[in-house]
Amino acid sequence: MRITQGMLTNQMMLDIQNNNSRLSRLQDEAASGKKINNPSDDPVGTGYIMRYKAQAAYYAQYKDNADQAKGVLDYTDTMLDQAHQVMQRARDLAVQGASDTVPADSKKNIAMEVDQLYQQLVTVGNSQYQGKYIFNGQQTTVAPYLTTSAETATTNTGQMLYDVGDGVQMNVNLSGNQVFGQAQDADNAFSVLKNLKTGLDTNNSALIQTSLAQIDTRTNT
């Protein structure tokens with residue numbers, strides 16, 4: 001076969017185009033830091049990339065769930081600490097009010113502070129994390145406690161579960177019943193505070209002493 005100048009020219013132009021294509025691809029790789037910028041660059045490699053991206057998104061969701069669960073747990077821990085402080089202050093007031101040296105009028109003043117502690121504890125019981133009530137189980141849109149009758153409340157006991165791994169779920173909530181006591185419990189935190197207030201208002205030493213003991217059992221719980 002006779003090789004003509006036109007054939008040589010055409011081959012040279014084809015080589016130039018191929019080199020330009022390779023140069024463009026290499027420039028894209030250098031700019032993006034990726035070896036594959038289009039599916040046509042490497043169909044097999046593109047398949048791997050799609051699978052890896054799907055897996056990354058799959059496990060990223062677990063990480064997001066774990067971060068959310070940790071946020072709920074941290075917030076709940078803070079609220080439990082506040083509840084403990086309320087009960088500790090109530091105990092201090094009960095000890096003070098149980099003394100026979102404290103006049104009845106002073107005990108009435110102490111009773112007023114105990115009433116404030118009751119309201120503060122209701123606020124803790126109705127605390128929300130990202131708009132969801134943390135002490136009412138799965139009924140996260142419903143406040144579990146009323147400001148006047150929190151001691152009669154029965155909270156939802158459903159679990160708040162987060163998927164944090166393959167086949168792994170984490171429960172992140174405590175029900176109000178677990179923390180503050182059920183309505184029928186003698187040491188229900190809200191009942192104890194109301195009884196303590198009554199004992200102080202009426203100068204009933206026996207009721208104050210009983211309330212003091214119940215404060216200790218609920219705080220330990």
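In summary, the side chains of Asn195 and Ser211 do not present any donor paired with an acceptor at a separation below 3.5 Å, with no hydrogens or angles considered. For Gln159 and Gln169, the side-chain atoms include no donor-acceptor pair closer than 3.5 Å. For the residue pair Asp81/Gln85, the side-chain donor-acceptor check at 3.5 Å is satisfied.
Counting only distance, with no hydrogens or angles, the side chain of Lys108 and the backbone of Asp201 share a donor-acceptor pair below 3.5 Å. The backbone N or O of Gln119 lies less than 3.5 Å from a partner atom in the side chain of Thr123, making a donor-acceptor pair. A donor-acceptor distance shorter than 3.5 angstrom exists from the side chain of Thr78 to the backbone of Asp74, with no hydrogens or angles considered. A donor-acceptor pair under 3.5 Å is formed between the side chain of Asp185 and the backbone N or O of Gln182. Of the possible polar contacts, one joining the Arg218 side chain to the Val179 backbone as a donor-acceptor pair under 3.5 Å is found.
Between Asn173 and Thr76, the closest side-chain pair of non-hydrogen atoms is not below 4.5 Å. Thr141 is not listed as a side-chain neighbour of Tyr133, based on a closest heavy-atom distance of 4.5 Å or more. Leu93 has its side chain within reach of Gln96: a pair of non-hydrogen atoms, C-beta onward, lies under 4.5 Å apart.
When the side chain to side chain donor-acceptor pair (under 3.5 Å) test is applied to Asn177, the partners found at least two apart in sequence or on another chain are Thr155. Considering only residues two or more places apart in sequence or on other chains, Thr140 meets the side-chain contact (heavy atoms from CB on, under 4.5 Å) condition with Lys132, Met160.
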| message | I'd like to know whether Glu151 forms a side chain to side chain donor-acceptor pair (under 3.5 Å) with Tyr118, so could you lay out the CA-CA distance, the side-chain angles of the two residues, the decisive distance to 0.1 Å, and finally the verdict. | response | CA-CA 10 Å; Glu151 64 278 5; Tyr118 177 94; 2.6 Å; yes
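Proximity of the aromatic rings of Tyr145 and Phe135 is defined here by a centroid distance below 6.0 angstrom, and this criterion is not met.
Taking each heavy atom of Gln128 and Ile134 in turn, the nearest pair found is C-CG2, 4.5 Å.
When Val168, Asp166, Val164, Asp67 are each tested for a side-chain contact (heavy atoms from CB on, under 4.5 Å) with Tyr62, only one passes: Asp166.
Put simply, CG on Asp216 and CZ on Arg91 are 4.0 Å apart, with the number rounded to the nearest 0.5 Å.
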